[in-house]
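One structure below.
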Amino acid sequence: MKTEICERLGIDVPIFAFTHCRDVVVEVCKAGGIGVLGVAGFTPTQLKAELDWIDDHIGDRFYGIDVIMPMKDLAKDVPDLDSLIPEEHKAWVEHVMQRYNIPPLPEEAEGESSHGISGDQIGWQHDIARASLEEGFRHPNCKVMVNALGTPPDDIMAECKKKDILVGALAGRLKHALAHKAGGVDFIIAQGHEAGGHTGEVTTMVLVPQVVDAVMPLPVLAAGGIGSGRQAAAALALGAQGIWCGSIWLTSPESEVEPLQKSKLIDANSEETVRTRMLSGKPARMLKSKWTEAWNEADCPGFLPMPLQGMLVMEANRRIDRAQDRELAFYPAGQVVGQLNQEKDCRTIMYELMEEYADTVERMYANLHGE
């Protein structure tokens with residue numbers, strides 16, 4: 001399973017674990033892969049504490065961070081973004097909260113980190129994303145930076161190059177991958193329709209080989225629908241140099257997912273996710289719930305563009321989290337959730353991925369030679 005990107009990062013296997021949980025980062029790194037911490041939802045101060053903890057537990061292993069820095073910085077032109085959110089939308093959200101008897105946030109909830117799950121926009125605006133990057137640059141073992149929404153700005157690219165940090169960007173369409181290549185990234189994550197979180201229309205099986213052919217010799221990671229060694233082998237057969245996984249870590253004991261959401265993830269099948277603009281204004285895949293379904297009702301005023309949609313639902317999402325209401329509870333997850341039917345620790349997940357990958361390659365070799 002060794003590929004060129006393994007050599008560049010000094011990792012044993014090309015398994016990239018996207019997660020909002022520091023324990024997952026450490027355990028995946030210790031098992032030979034590389035953990036990438038999603039920093040949306042952390043203030044720079046909170047992020048410093050998370051990265052300091054990782055530094056104290058990871059030894060000499062490298063890790064990465066993932067930021068959400070949209071191509072267009074709306075806050076640059078409109079300092080008071082809240083003024084752009086229609087009162088009609090605010091009233092409708094509150095109406096849904098009252099319909100399900102979801103209480104307001106208590107005062108002590110102010111300043112709590114959402115770990116990027118509840119639509120918290122603090123890390124989705126350029127000034128905060130840049131502050132998060134600056135914090136990441138202070139940690140010498142942070143050797144990967146990924147932008148989830150677009151090609152990073154030129155000055156960020158230059159700073160990463162100076163610090164020997166590999167830069168990646170997610171692409172759900174071929175034209176996005178070509179733009180990333182033109183922008184100078186070191187690798188591209190081709191993320192298919194099946195993936196959790198922000199994702200496009202084209203499936204992984206179709207998207208990955210298109211991107212591989214279009215951007216070579218840049219390394220490509222495959223994302224979306226990859227949760228087993230067989231699926232990892234398929235990704236490498238399509239030309240990818242590694243895999244980018246997010247959903248498979250959600251039900252691990254190291255994950256900080258709340259017990260209610262974790263139980264819903266374990267119980268879910270692959271048909272129980274939905275791709276909706278509810279979370280951020282851009283299409284993102286998550287578990288279905290009464291909250292995601294409410295946005296399809298006739299009286300719903302519709303979605304707002306990023307970052308306004310996320311600002312609109314931020315408090316409501318946190319209220320749902322705190323209330324632990326099973327009907328409304330959701331969580332970003334890909335269609336691979338149907339395979340996550342029991343809790344496994346990160347090292348077991350890594351071992352099973354590698355073992356099944358090896359078995360699959362051996363079986364394919366046997367088929368090729370008629371053995």
Side-chain angles (χ1 to χ4, degrees), residues 38-42 66-97 114-133 146-153 156 169-177 179-180 183 189 191 193 195-202 273-289 291-320 328 330-332:
V39 304
F42 293 111
D66 176 286
V67 299
I68 300 180
M69 186 181 288
M71 296 290 285
K72 185 177 180 181
D73 184 9
L74 188 59
K76 183 177 180 181
D77 301 318
V78 186
D80 183 17
L81 288 177
D82 191 66
S83 66
L84 299 181
I85 302 176
E87 292 301 322
E88 174 192 13
H89 284 70
K90 296 178 182 179
W92 181 82
V93 168
E94 184 56 36
H95 169 72
V96 177
M97 294 296 99
S114 71
H115 303 289
I117 304 309
S118 303
D120 193 333
Q121 299 297 291
I122 60 174
W124 293 23
Q125 296 176 22
H126 277 242
D127 58 341
I128 303 299
R130 284 179 175 275
S132 296
L133 286 170
V146 173
N147 189 23
L149 288 175
T151 308
I156 297 296
L170 277 81
R173 302 173 69 179
L174 182 59
K175 72 174 187 178
H176 295 159
H180 295 332
I189 302 153
Q191 179 165 282
H193 180 71
H198 292 106
T199 189
E201 300 282 355
V202 185
T273 67
V274 62
R275 193 165 161 268
T276 173
R277 296 180 184 270
M278 180 277 288
L279 187 63
S280 69
K282 291 184 178 292
R285 186 176 299 282
M286 61 198 70
L287 285 181
K288 292 178 183 178
S289 75
W291 180 220
T292 65
E293 291 175 357
W295 291 86
N296 298 321
E297 295 173 359
D299 66 338
C300 175
F303 304 107
L304 299 174
M306 178 183 270
L308 302 181
Q309 178 69 23
M311 295 172 64
L312 170 67
V313 300
M314 177 175 64
E315 183 175 319
N317 290 343
R318 293 177 65 197
R319 287 165 66 178
I320 291 169
L328 296 182
F330 69 97
Y331 206 94

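Remark: K90 pairs with D82, I85, E87, L312 by the side-chain contact (heavy atoms from CB on, under 4.5 Å) rule, at least two apart or across chains. Residues passing the side-chain contact (heavy atoms from CB on, under 4.5 Å) test with V274 are T276, M286, K288, T292, sequence neighbours excluded.
Counting heavy atoms from C-beta on, the side chains of V67 and P152 never come closer than 4.5 Å. Side-chain contact between P283 and E201 is absent, with no heavy-atom pair separated by less than 4.5 Å. At a threshold of 4.5 Å between non-hydrogen side-chain atoms, the residues E315 and M97 do not count as touching. Residues R130 and M69 are in side-chain contact: their nearest non-hydrogen atoms beyond the backbone lie under 4.5 Å apart.
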Going by atom type alone, with no hydrogens or angles, which donor-acceptor pairs under 3.5 Å involve a side-chain atom of residues 170-177 and a protein atom two or more places apart or on another chain?
none

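Rounding to the nearest 0.5 Å places CD1 of I68 at 11.0 Å from NZ of K282. Atoms NE2 and CG, from H89 and L308 in turn, are 9.5 Å apart once rounded to the nearest 0.5 Å.
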Full working for side chain to side chain contact (heavy atoms under 4.5 Å, CB included) between T273 and Y331:
CA-CA 9 Å; T273 67; Y331 206 94; over 6 Å; no
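Note on ring orientation: taking the six-membered ring where Trp is involved, the planes of F303 and W295 are parallel (angle under 30°, cut-offs 30° and 60°).
In this structure, Q309 contributes its side chain and L304 its backbone to a donor-acceptor pair below 3.5 Å.
Between the side chains of H180 and T151, at least one donor N or O sits under 3.5 Å from an acceptor N or O.
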